[in-house]
Amino acid sequence: GGAIRERRMTTMPLLSLLLAVPLFGAIGCLLLRDERAARTLAIITASLALAASLAALQSFDPSNGGFQLQERLAWIPGLGLNYFVGVDGLSVLFLPATTLLFLSALICTGRGLKPLPGLYFALVLLLEASTLGVFCALDTMLFFFFWEFTLLPLYFLIGLWGLGAHGRAAATRYFLVMLAGGVPLLFAFIALAANAGGAFDLPTLLAKEPAHGLQLLVFILFLVGFGFKVPVVPLHTWLPSLALGGPA
């Protein structure tokens with residue numbers, strides 16, 4: 001009986017469930033106009049996401065190497081792109097950390113969220129879902145999609161509820177800088193896929209070692225792309241003006 005329960009637990013689409021919970025919660029919050037009701041639904045949703053992340057962590061077997069809890073579904077077959085998710089011993093730890101962080105942020109959110117409090121909580125949950133997708137994606141283009149999708153909720157959160165009188169300008173600056181930072185990442189993923197016969201999934205890319213010149217090119221593209229997104233010195237100069245909400 002215990003073996004059967006364990007097998008059922010590990011075959012459940014836990015990662016898809018984890019990604020779906022905040023998405024459905026965001027839709028529900030978007031339909032609510034009452035701030036208290038939207039806040040309650042958002043906190044319940046974030047709590048369910050935390051429970052799903054803990055279930056994924058419990059199902060992970062640390063004695064086995066490689067990626068676990070894998071789920072694969074054709075996304076854009078013509079381009080060889082798949083909805084391919086899974087976790088390893090490092091990324092699985094980021095799931096409960098992320099869900100706990102968002103739950104804490106929702107609990108600590110102040111009152112008087114106007115205009116459209118339901119939209120605020122929907123955007124936070126949408127940001128949570130896309131952030132979790134970054135840690136789960138095993139297809140590089142799916143990873144790129146999730147990372148770039150975080151720009152959408154962040155743009156509106158900063159523009160509508162950011163500090164200072166220049167929230168929209170700061171949001172636009174953030175959006176454009178992050179969008180530009182994604183271009184080198186996109187070129188790097190395409191270069192790696194071309195080297196691996198058109199495959200974008202991470203296990204295949206790890207098994208196909210690029211030539212030294214391609215390794216150097218991809219390293220530089222990753223350094224620039226992630227340098228903007230982290231950000232690292234000297235690519236961080238946009239960040240202080242964003243935090244202050246004023247012009248650069």
Side-chain angles (χ1 to χ4, degrees), residues 9 12-60 69 85 87 89-137 143 146-168 170-171 174-175 178 229-231 239-240 242-245:
M9 183 67 177
M12 285 183 60
L14 289 176
L15 299 183
S16 293
L17 177 64
L18 175 62
L19 298 177
V21 166
L23 286 178
F24 283 110
I27 296 174
C29 289
L30 194 60
L31 300 176
L32 296 175
R33 296 184 178 181
D34 181 70
E35 179 177 340
R36 182 175 181 180
R39 181 190 303 273
T40 301
L41 178 58
I43 292 176
I44 292 175
T45 301
S47 300
L48 293 175
L50 176 59
S53 67
L54 292 175
L57 180 61
Q58 184 181 15
S59 298
F60 186 85
L69 306 180
V85 295
V87 288
L90 179 62
S91 59
V92 71
L93 300 177
F94 283 95
L95 303 183
T98 300
T99 53
L100 179 60
L101 175 63
F102 274 89
L103 176 60
S104 302
L106 288 170
I107 293 175
C108 297
T109 298
R111 302 189 181 276
L113 294 170
K114 295 182 180 181
L116 304 174
L119 176 62
Y120 172 86
F121 291 108
L123 290 172
V124 173
L125 292 175
L126 192 61
L127 179 61
E128 179 181 16
S130 53
T131 303
L132 290 169
V134 168
F135 296 124
C136 295
F143 169 87
F146 276 126
W147 196 317
E148 295 303 302
F149 195 79
T150 61
L151 302 183
L152 181 63
L154 279 172
Y155 173 82
F156 289 105
L157 286 170
I158 296 171
L160 295 177
W161 291 279
L163 297 176
H166 304 277
R168 292 187 179 181
Y174 170 82
F175 184 87
M178 291 294 99
K229 289 181 175 295
V230 171
L239 187 58
L242 174 65
L244 294 174

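Basis for what follows: all heavy atoms, side chains included, without hydrogens, waters or symmetry-related copies.
Nearest heavy atoms, L123 versus P153: O-CB, 3.4 Å. Contact between A26 and A122 at its shortest, heavy atoms only, is O-CB, 3.3 Å. The two residues L18 and A52 come nearest to each other via the heavy atoms CD1-CB, 3.9 Å. Nearest heavy-atom pair, G118 versus A38, reported as atom, atom and distance to 0.1 Å: CA-CB, 4.0 Å. What you find for L106 and A42 is that their closest heavy atoms are CD1-O, 3.6 Å. Closest heavy-atom contact between P96 and S53: CA-OG, 3.4 Å.
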Could you walk me through whether L23 and L125 pass side-chain contact (heavy atoms from CB on, under 4.5 Å), step by step?
CA-CA 7 Å; L23 286 178; L125 292 175; over 6 Å; no
Could you walk me through whether L132 and F146 pass the side-chain contact (heavy atoms from CB on, under 4.5 Å) test, one step at a time?
CA-CA 8 Å; L132 290 169; F146 276 126; over 6 Å; no
Derivation and outcome, side-chain contact (heavy atoms from CB on, under 4.5 Å), residues R111 and R39
CA-CA 9 Å; R111 302 189 181 276; R39 181 190 303 273; 3.3 Å; yes
Could you go through the side-chain contact (heavy atoms from CB on, under 4.5 Å) check for L54 and L50 one step at a time?
CA-CA 6 Å; L54 292 175; L50 176 59; 4.3 Å; yes
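Interatomic distance, CG of L103 versus CG of L48, reported as 10.0 Å (0.5 Å rounding). Distance check, rounded to the nearest 0.5 Å: CZ of F121 to CD of E35 gives 5.5 Å. Expressed to the nearest 0.5 Å, how far CZ of F143 lies from CD of E148 amounts to 9.5 Å. Atoms CG and CZ, from L152 and F156 in turn, are 5.5 Å apart once rounded to the nearest 0.5 Å. Note: L95 CG to L57 CG = 8.0 Å, rounded to the nearest 0.5 Å. The CG atom of L41 lies 14.0 Å from the CZ atom of R36; values are rounded to the nearest 0.5 Å.
Side-chain N or O atoms of S130 include one that pairs as donor or acceptor with a backbone N or O of L127 at under 3.5 Å. Without hydrogens or angle criteria, S47 side chain to I43 main chain gives a donor-acceptor distance under 3.5 Å.
You'll find the side chain of Y174 reaches within 4.5 Å of the side chain of I158, heavy atoms only. Residues L119 and L160 form a side-chain contact, since some pair of their non-hydrogen atoms from C-beta on lies under 4.5 Å apart.
Between F135 and F94, the ring-plane angle classifies as parallel under the 30° and 60° cut-offs.
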